[in-house]
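Remarks on the structure that follows.
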Amino acid sequence: MKREAYDPHAIEEKWRDFWREKGYFRVKTASPRKKFYYLNMFPYPSGYLHVGHGRNYIIGDAIVRFLIMRGHDVLNPMGWDAFGLPAENAAIERGTHPREWTLANIAYAKDQFRAWGIEYDWGREVTTCLPGYYRWTQWLFLKLYENGLAYKKRADVNYCPSCQTVLANEQVAGGECDRCGTPPERKTLDQWFFRITAYAERLLADLADLDWPEHVKKMQENWIGRSEGATITFRCDRDASLPVFTTRPDTLWGATFLVLAPEHPLVDVLTVPERKADVEGYRRQASRASEIERLSAEREKTGVFLGSRAQNPVTGEPIPIWTSDYVTPTYGTGAIMGVPAHDERDFAFARRFGLPIRVVIAPPEEPLPDPRTMAAAYTGSGTMVSSGLLSGTPGSHAIERTIGYLAEQGIGERKVVYRLRDWLISRQRYWGAPIPIVYCDRCGVVPVPEADLPVLLPDVPFVGKMGLADVPGYADTTCPQCGGSAKRDTDTMDTFVDSSWYFLRFVSPHEETVPFVSEDVNCWLPVDLYVGGVEHAILHLLYARFITKALHDLGHVAPAEPFRRLFAQGMVCHTAYKCQEHGWLYPKEVNDGLRCGTCGQEVATSYFSMSKSKKNVVEPAEIIARYGADTERLYTLFMGPPDRDIEWSEDGIRGVWRFLNRVWNLVSGEIPRSALAQGEPDPLQFGSAERALWQKLHATVEKVTEELGDRLGLNTAIAAIMELVNELGVYVNRPETDPRLVRRVVRDAILLLSPFTPFLAEELWQRMGEKRPILDTPWPEYDPGAVVGDEVEIPVQINGKVRTRLRVAAQAAADPRALQKAALASPEVQERLRGHEVQRVIAVPGKLVSIVVR
RNA sequence: GCCGAGGUGGCGAAACUGGCAGACGCAGGGGACUUAAAAUCCCCAGAGCGAACGCUCGUGCGGGUUCAAAUCCCGCCCUCGGCACCA
């Protein structure tokens with residue numbers, strides 16, 4: 001009989017709309033009993049999604065299909081992070097409007113999801129650039145403003161000259177704009193900030209209870225950067241007093257100078273007239289220096305003496321006050337005490353300018369190091385010396401005792417400082433949510449009343465790099481308080497504000513009077529599993545946590561954390577080619593995989609995560625055309641653990657294609673036979689082959705259930721299914737088979753496969769004669785007793801080496817004494833033991849026997 | 001410099017709690033089918049020695065604990081990621 005070949009295209013087209021029409025992915029109840037909020041980080045709609053993007057959503061779709069079959073009420077929404085610079089840049093390039101470009105991309109991406117067989121509760125779709133969404137982003141701004149968590153201040157900020165906008169601290173990576181790589185300039189501007197620093201301690205402390213990857217937690221920890229120490233106040237000339245922050249108050253006796261950041265407000269006060277010219281010159285120079293130059297630790301220290309002095313509060317000694325750009329204006333108090341003997345940077349500064357170096361911490365019973373030749377001694381475990389009353393205090397108590405002493409004397413106090421800065425959210429660009437603030441000459445800063453939201457983004461032709469300040473008439477308005485003429489704020493909000501609360505909107509996306517219904521949020525949140533790229537470890541995930549905490553404090557949501565479990569999936573990498581002369585090349589522009597098609601030069605080959613700029617993306621449409629969506633899905637999940645980066649390979653995908661063909665042929669071949677089978681298999685009638693297959697079935701169900709439900713080792717889940725299919729393939733070729741067993745194994749194998757390859761599974765399921773679609777069918781159960789089987793293989797080690805294996809009844813294997821007896825009685829073991837004295841026997845139930853002999 | 005993740009066959013990887021290292025797959029070799037090729041099916045496959053039953057070595061390197069170590073401890077090396085003149 002000629003068998004129908006596996007034809008993914010016909011099958012996939014047949015089922016594509018079926019799941020949506022049946023509504024399997026819609027939330028069916030207002031009061032879920034077994035709720036599961038599954039969330040993928042929503043995409044930025046920038047052109048098409050490539051197979052690397054696909055990985056994120058394929059992982060999610062597999063998990064969600066599994067959860068549905070397990071009877072969970074799953075909230076599984078999708079939306080679009082649709083404001084921001086990339087859309088503007090693309091619109092400029094194409095001479096279109098960011099909105100047109102964005103909406104077209106969204107439509108295309110939705111088709112891609114459909115082609116992949118990835119389904120969502122599309123009735124909850126959220127698009128951040130539409131007024132129905134961003135009015136509530138504006139509402140969020142107003143709530144923060146009302147409660148002192150949004151404020152405007154004149155500050156030195158990072159300004160990207162290429163993007164023509166300011167950037168948040170988090171968006172300057174390694175001294176470069178993280179969008180375009182241009183080093184930002186420092187500008188002093190009036191800008192809006194969110195007071196995330198008020199949450200520094202809680203953002204840090206609450207990490208402990210989150211089920212997140214350790215490295216992501218550490219990244220946030222580093223970013224928040226908590227330091228414990230003390231502020232110490234120095235009395236200075238001209239009646240000034242100057243607080244400094246230090247983590248090493250115990251070294252105060254060794255402080256021989258003070259340094260202020262050039263931007264410090266007291267620099268003017270403390271500069272004597274005859275030093276004024278020098279100091280002014282230095283400050284100008286420092287303000288011009290780029291962030292990169294200033295941050296470079298290798299650069300030689302620079303600075304100037306202000307001319308005035310302070311008094312060391314414990315030694316009474318007058319010490320000089322300097323300014324230097326190695327002191328950061330926004331950290332601590334923007335001023336430090338210089339302790340050259342015990343701080344590397346202060347040491348370098350002291351050497352450069354000939355300032356005294358005084359050792360005040362030393363190892364007990366050893367001569368003090370020579371201050372002229374030492375490099376700063378970092379002796380946290382030394383003993384305090386030359387420190388007045390506290391001399392002799394051991395290092396272990398030095399900081400504590402010094403802080404106590406300083407507090408007593410009224411000189412200083414304990415202090416915790418954070419590296420985290422407030423979040424700068426103003427952007428001087430068009431494509432964002434307008435800041436809902438009005439400036440009135442009479443009333444000052446006036447928030448737009450909630451009832452007047454949204455402040456609409458003006459619908460004007462997009463003419464390239466522009467902000468709302470460039471839109472004629474936009475700023476002109478009337479004051480909501482006095483009705484007089486007033487001006488609107490012409491900045492828009494950082495797109496990370498849009499994405500800092502979207503997971504709340506998904507719960508009640510259509511509400512027109514509130515951003516979300518609190519009871520519903522409290523019912524669905526926190527997100528049970530949040531899956532996305534690790535590139536958001538700091539920015540998005542920190543902002544979203546902050547906003548959730550703020551809304552919690554303001555009484556809008558009950559949970560204080562948005563994402564209970566986070567899973568950071570790895571990137572998909574692919575070969576990229578670069579010609580010295582012609583830059584990045586598409587694979588088809590490279591001859592024989594090594595020469596540039598244009599100039600013939602040898603090209604550099606390397607692996608990078610897929611990106612359009614490196615011309616190494618693989619389009620799902622190509623893969624689906626060749627193999628179908630199921631093959632792409634299965635390959636994406638099979639090629640490695642989901643949290644690790646993987647290399648896309650054309651060869652690898654063929655292996656998966658072969659496997660699906662085997663499944664198709666095997667199942668199709670068994671359909672006529674198994675159709676005759678009535679009822680469930682009866683283990684009492686099994687022979688040994690049946691028992692082995694039965695055990696394999698149960699072990700596989702257990703394994704796949706565990707991986708999909710908890711461990712997320714989807715690659716090994718698939719490997720387990722392959723093993724089961726392989727064993728089934730061997731079994732069905734036996735002369736005698738149990739049709740009821742075959743039917744059961746085929747049935748369960750299809751169900752196990754269905755989260756990974758939903759099209760093929762649904763089709764085979766129907767051909768098996770099953771009437772209920774898969775998503776209405778419960779996930780297969782396994783019997784823990786059957787997983788063990790009735791006979792196990794037990795390796796026997798002699799002096800640590802495996803010498804033989806025994807087949808032992810499961811019952812005997814579970815009992816250490818019986819197991820030991822069986823091992824010692826075995827002829828192979830007896831043979832090995834001849835002439836040796838048995839010293840010890842260790843029998844591990846169900847695992848192995850280890851015999852030690854002499 | 002500080003913090004984190006990782007290093008296992010030719011390749012992607014597996015080994016979950018210290019218990020048979022290399023499951024599953026790719027690439028490779030051999031065979032069957034075929035006029036031939038593709039596809040498919042069967043067999044082999046960590047390295048070394050051996051005709052063979054087998055034996056020895058083997059999870060980045062060096063030590064250690066243990067009957068037993070990829071897994072635990074100590075000391076290093078390398079790769080990737082985060083932070084970094086943050087006092």
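Every chain is numbered from 1, with letters handed out A, B, ... down the list of sequences.
Taking the six-membered ring for Trp and the full ring otherwise, A:Tyr331 and A:Tyr418 have centroids separated by 6.0 Å or more. With ring centers used as reference points, A:Tyr635 lies under 6.0 Å from A:Trp648.
Taking the side chain of A:Arg662 as heavy atoms from C-beta on, and the options B:C41, B:C26, B:A23, the nearest nucleotide is B:C41. The side chain of A:Val852 sits closest to B:C67 out of B:C67, B:A13, B:A87. For A:Ile842, the listed nucleotide lying nearest its side chain is B:G19; candidates were B:C16, B:G19, B:G82. If you check B:G12, B:A84, B:C67 against the side chain of A:Phe638, the one that comes closest is B:G12.
Separating the P atom of B:A23 from that of B:G12 is a span of 15 Å, rounded to the nearest Å. Taking atom C1' in both B:G60 and B:C78, one finds a spacing of 7 Å when rounded to whole Å. Of the C1' atoms belonging to B:U65 and B:G18, the separation is 11 Å, rounded to the nearest Å. Here, B:A87 and B:G4 have their C1' atoms 24 Å apart, quoted to the whole Å. Taking atom C1' on both B:G54 and B:G6, the two are 37 Å apart, rounded to the nearest angstrom. Between B:G75 and B:C57, the two P atoms lie 28 Å apart (nearest whole Å). Going from the P atom of B:C61 to that of B:A51 covers 31 Å, rounded to whole Å. Comparing the same atom, C1', in B:C26 and in B:G19 gives a spacing of 30 Å after rounding to whole Å.
A distance of 8.0 Å separates CG in A:Leu260 from OG1 in A:Thr333, rounded to the nearest 0.5 Å. Rounded to the nearest 0.5 angstrom, A:Asn715 CG and A:Phe638 CZ are separated by 8.0 Å.
Spacing between atom CD of A:Glu228 and atom C1' of B:A87 amounts to 15 Å, rounded to whole angstrom units. A straight line from CG of A:Leu660 to P of B:G25 spans 13 Å, rounded to a whole angstrom. Nucleotide B:C67 holds its P atom 5 Å from the CZ atom of A:Arg840, rounded to whole Å.
In this model, the phosphate group of B:A68 is not approached by any side-chain N or O of A:Arg803 to a distance below 4.0 Å at OP1 or OP2.
Between the side chain of A:Lys301 and the base of B:C85, at least one donor-acceptor pair of N or O atoms lies under 3.5 Å.
Against the 90° criterion about 0, the sugar-base torsion of B:G9 places it in the syn range.
Residue order along RNA chain B, read from the 5' end via each residue's closest nucleotide, puts A:Val849 first among A:Val849 and A:Met722. Mapping A:Leu848 and A:Thr247 onto RNA chain B via the closest heavy atom, the residue that lands nearer the 5' end is A:Leu848.
Between A:Arg352 and A:Glu300, at least one side-chain nitrogen of the basic residue sits less than 4.0 Å from a carboxylate oxygen of the acidic one, meeting the salt-bridge criterion.
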Counting only pairs under 3.5 Å, give me each side-chain donor-acceptor contact of residues 839-848 of chain A, with atom names and distances, residues two or more places apart or in other chains.
none

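Using a 4.0 Å heavy-atom cutoff across all strands shown, A:Thr716 reaches sugar-phosphate atoms only and no base atom.
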